[in-house]
Amino acid sequence: MEPLTLHFLHEQAGARFSVVGGREVAADYGDLEAEYRAAREAVALHDASYRETLRITGEDRASFLHGMVTQEVNGLPPGAAAYTAMVTAKGAMVADARLLKREADLLLDVEPGMGAKVKEFLEKYLISEDAEIHDVSSEWGLLRLLGPRTAEVLGTALGSAFEPLAPNASRGVSLAGAQVLLVGHASFEKHGVDLLVPRGALEGVWKALVQAGGAQGLKPLGFQALELLRVEAGVPRYGQDMVDTTIPLEANLTHAISYNKGCYIGQEVIARATFRGHMNRKLAGLLLGEVEAAPGTELRKGEKKVGWITSVVRSPAQGQRVALAYVHRDHLEPGTELTLAEGPTVKVAPLPFA
């Protein structure tokens with residue numbers, strides 16, 4: 001297990017820890033409801049430095065990656081980020097990533113434990129191109145601000161008014177004596193901003209944000225509360241809701257796919273599935289009420305298996321347990337009643353939940 005760089009700070013804040021993808025995460029700080037409420041109503045700070053980062057350099061870096069991922073790379077302007085997927089020649093997912101294009105390199109921000117897999121996948125197709133792939137997870141750490149008072153916290157920490165960032169836009173700033181890259185991240189909460197920080201500066205930046213957020217009601221946010229926000233937003237996570245047999249269209253990842261970019265690994269399968277107009281199953285929401293269900297639980301319509309659950313949380317926004325699940329296309333209509341393998345009935349719901 002790879003420990004968090006800021007383990008001691010989280011321990012002082014009362015954190016309990018768990019492991020995701022072989023890396024330590026701060027699971028919670030003792031009051032899940034308060035953490036969630038801060039992200040919805042004030043501001044919350046999450047240590048996402050368990051995520052992994054790859055850096056691609058060389059003259060051919062953009063053209064090489066352009067042929068490897070589902071998203072546009074060549075036409076992405078420097079300073080812009082984009083969500084993308086990598087798929088096999090059969091269209092099944094290898095991983096997802098946030099791509100960040102900088103003047104001198106490309107960065108891939110991936111789930112914990114996925115850096116080596118993505119690097120191996122890319123290097124398999126790297127033949128004569130002038131491109132090199134480096135795992136720089138030990139050099140960078142990610143912090144995440146969420147909540148409507150994010151701009152106020154950043155303005156205080158930076159010493160001047162903070163102009164909100166559009167989703168996937170980036171801006172370099174000096175914070176706590178370090179050069180930090182801010183990236184708009186609205187996937188879980190519309191005010192979200194990620195901070196890409198040199199790993200040696202994580203402590204100083206974390207402490208500066210905590211101090212700046214004191215008057216704004218800032219609270220540290222653990223992984224469990226982040227999962228609440230993620231599931232309510234209807235966002236699938238690789239390793240939980242997506243695996244190496246998932247086709248991106250099944251997981252509603254149309255925003256990760258460029259249909260104008262030309263060839264990439266798996267492009268023919270994705271194009272054919274898009275042209276056909278439907279997938280046999282798609283990721284959907286489920287309202288569970290007070291029913292307890294675990295990921296992997298089968299969904300049935302009569303005697304027929306029609307899907308399975310991937311993520312379950314108790315949603316404050318819905319006032320009940322909710323789930324993400326893959327459901328057969330014939331049963332995706334909101335309000336459709338399905339039966340869990342154990343017997344209780346649940347209802348299909350549109351995404352997002354909140």
Student: So, does Thr150 use its side chain to make a donor-acceptor pair with the main chain of Gly192 at under 3.5 Å?
Tutor: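 Flag not set: sc Thr150 to bb Gly192 has no pair under 3.5 Å.
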Student: Under a 3.5 Å distance rule, please check whether Ser315 uses its side chain to pair with a backbone N or O of Glu232 as donor and acceptor.
Tutor: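 Not at all, since once roles are kept as given, no pair shorter than 3.5 Å links the two residues.
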Student: Does the side chain of Leu226 come within less than 4.5 Å of Leu221's, by heavy atoms?
Tutor: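 Yes, side chains in contact.
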Student: Between Gln224 and Ala27 (side chain of the first, backbone of the second, donor and acceptor by atom type, cut-off under 3.5 Å), is there such a pair?
Tutor: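 Not at all, since once roles are kept as given, no pair shorter than 3.5 Å links the two residues.
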Student: Working note: Val94 + Tyr238, criterion side-chain contact (heavy atoms from CB on, under 4.5 Å); need CA distance, chi angles, decisive distance, verdict.
Tutor: CA-CA 9 Å; Val94 174; Tyr238 193 90; 5.7 Å; no
Student: Do the side chain of Glu111 and the main chain of Met114 share a donor and acceptor less than 3.5 angstrom apart?
Tutor: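 Judged by distance alone, no pair lies under 3.5 Å.
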Student: Any link between Leu143 and Val20 through a network of hydrophobic side chains (Ile, Leu, Val, Met, Phe, Trp, Tyr) touching at under 4.5 Å?
Tutor: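 Different hydrophobic clusters.
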Student: Where is the tightest heavy-atom contact between Tyr326 and Thr246, given as atom of each residue plus distance?
Tutor: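 Shortest heavy-atom separation between Tyr326 and Thr246 comes out as OH-CG2, 3.6 Å.
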Student: Among side-chain atoms of Glu337 and Thr345, is any donor-acceptor pair under 3.5 angstrom?
Tutor: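 Per modelled atom types, Glu337 and Thr345 side chains form no pair under 3.5 Å.
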Student: Using every non-hydrogen atom in the two residues, find where Thr53 and Ser137 come nearest and quote the distance to one decimal.
Tutor: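 Of all heavy-atom pairs spanning Thr53 and Ser137, the closest is N-OG, 3.0 Å.
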Student: Is Glu120 salt-bridged to Lys117, cutoff N-O under 4.0 Å?
Tutor: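 No, no charged N to carboxylate O under 4.0 Å.
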Student: Checking the side chain of Arg55 only, and the main-chain atoms of Val136 only, is there a donor and an acceptor separated by less than 3.5 Å?
Tutor: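 No, the answer is negative, given that no donor and acceptor are paired below the 3.5 Å cut-off.
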Student: Can you tell me how far the CD atom of Gln71 sits from the CG atom of Leu65, to the nearest 0.5 Å?
Tutor: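 These two atoms lie 10.5 Å from each other.
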Student: Run the side-chain contact (heavy atoms from CB on, under 4.5 Å) check on Leu100 and Asp109 step by step: do they pass?
Tutor: CA-CA 8 Å; Leu100 178 63; Asp109 164 39; over 6 Å; no
Student: If we ignore hydrogens and angles and just use 3.5 Å, is the side chain of Glu52 paired with the main-chain N or O of Gly113 as donor and acceptor?
Tutor: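 Looks like yes, one N/O pair under 3.5 Å.
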Student: Can we say Arg329 and Glu250 salt-bridge, meaning some charged N sits less than 4.0 Å from an Asp/Glu carboxylate O?
Tutor: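 Glu250 and Arg329: not salt-bridged.
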Student: Nearest 0.5 Å please: distance from the CG atom of Leu6 over to the CD atom of Gln12.
Tutor: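 Reported value, rounded in 0.5 Å steps: 10.5 Å.
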Student: Out of the candidates Glu35, His10, Lys219, only one should pair with Tyr29 under the side-chain hydrogen bond (donor to acceptor under 3.5 Å, both in side chains) rule; please name it.
Tutor: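 In the set Glu35, His10, Lys219, the residue that makes a side-chain hydrogen bond (donor to acceptor under 3.5 Å, both in side chains) with Tyr29 is His10.
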Student: So which atom in Ala97 and which in Leu108 form the shortest heavy-atom distance, rounded to 0.1 Å?
Tutor: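 Nearest pair, atom of Ala97 first, then Leu108: CB-CD2, 4.1 Å.
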Student: One pair to check against side-chain contact (heavy atoms from CB on, under 4.5 Å): Lys207 and Leu9. What are the steps and the verdict?
Tutor: CA-CA 9 Å; Lys207 287 180 174 179; Leu9 284 181; 3.8 Å; yes
Student: Using the six-membered ring wherever Trp is involved, compare the ring planes of His185 and Phe188 and label them parallel, tilted or perpendicular (cut-offs 30° and 60°).
Tutor: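 Taking Phe188 first and then His185, their aromatic rings stand perpendicular (interplane angle over 60°).
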Student: To the closest 0.5 Å, what do you measure between CZ (Arg144) and CG (Leu45)?
Tutor: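 So the gap between those two atoms works out to 11.0 Å.
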Student: Is there a side-chain contact between Ile257 and Pro248 (heavy atoms, below 4.5 Å)?
Tutor: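 Yes; the side chains approach each other to less than 4.5 Å.
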Student: List the atom of Ala225, the atom of Leu32, and the distance in Å for their closest heavy-atom pair.
Tutor: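 Between these two residues, the closest heavy atoms are N-CD1, 3.4 Å.
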Student: Indicate yes or no: at least one non-hydrogen side-chain atom of Trp140 is less than 4.5 angstrom from one of Leu181.
Tutor: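 When only atoms from C-beta onward are counted, Leu181 and Trp140 do not touch, as no gap falls below 4.5 Å.
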Student: What are the two closest non-hydrogen atoms of Ser187 and Val235, and how far apart are they?
Tutor: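 What the structure gives for the nearest pair is O-CG2, 3.6 Å.
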Student: So how far is it from Met279 CE to Leu332 CG, rounded to the nearest 0.5 Å?
Tutor: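 Met279 atom CE to Leu332 atom CG measures 12.0 Å (nearest 0.5 Å).
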Student: Salt bridge check: are Arg321 and Glu292 linked by an N-O gap of less than 4.0 Å?
Tutor: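 Looking at Glu292 together with Arg321, the answer is yes, because their closest N to O distance falls below 4.0 Å.
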Student: Quick one: does Lys101's side chain have a donor or acceptor within less than 3.5 Å of a partner on Asn74's backbone?
Tutor: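 Side chain of Lys101 to backbone of Asn74: a pair is present.
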Student: For residues Leu175 and Leu209, determine if any side-chain heavy atom of one lies less than 4.5 Å from a side-chain heavy atom of the other.
Tutor: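 Yes - at least one pair of side-chain heavy atoms lies under 4.5 Å apart.
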Student: Classify the ring geometry between Tyr50 and Phe223 as parallel (under 30°), tilted (30 to 60°) or perpendicular (over 60°).
Tutor: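 Perpendicular: the ring planes of Tyr50 and Phe223 meet at over 60°.
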Student: Only one of Ile309, Val322, Leu288 passes side-chain contact (heavy atoms from CB on, under 4.5 Å) with Val346; say which it is.
Tutor: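 Among Ile309, Val322, Leu288, the one that satisfies the side-chain contact (heavy atoms from CB on, under 4.5 Å) with Val346 is Leu288.
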Student: Taking it one step at a time, do Leu122 and Ile56 satisfy side-chain contact (heavy atoms from CB on, under 4.5 Å)?
Tutor: CA-CA 10 Å; Leu122 294 176; Ile56 306 175; 4.2 Å; yes
Student: Closer than 4.0 angstrom, basic N to acidic O: yes or no for Asp241 and Arg230?
Tutor: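 Answer for the salt bridge query: yes.
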Student: Side chain of Gln318, backbone of Phe353: donor and acceptor closer than 3.5 Å?
Tutor: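 The answer is yes, because a donor-acceptor pair under 3.5 Å joins these two groups.
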Student: Answer yes or no: is there a side-chain heavy-atom contact under 4.5 Å between Val348 and Leu338?
Tutor: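 Val348 reaches Leu338 side chain to side chain.
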Student: Hey, what's the ring geometry for Tyr83 with His255, parallel, tilted or perpendicular (30° and 60° as the breaks)?
Tutor: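 The arrangement is parallel - the two ring planes meet at less than 30°.
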Student: Taking atom CD of Glu132 and atom CG of Asp105, what is their separation to the nearest 0.5 Å?
Tutor: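 Output value for this atom pair is 12.5 Å.
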Student: Looking at Gly58, is its backbone amide N or carbonyl O close enough to the side chain of Arg61 to form a donor-acceptor pair, meaning the two atoms are under 3.5 Å apart?
Tutor: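 Judged by distance alone, yes, a pair lies under 3.5 Å.
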Student: Taking Arg98 first and then Asp194, would you say they form a salt bridge - that is, a charged N and a carboxylate O separated by under 4.0 Å?
Tutor: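 Salt bridge flag = yes for Asp194 with Arg98.
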Student: State, to 0.1 Å, how close Ala131 and Leu126 come at their nearest heavy-atom pair, and which atoms those are.
Tutor: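 Looking at all heavy atoms of both residues, the closest pair is O-CD2, 3.2 Å.
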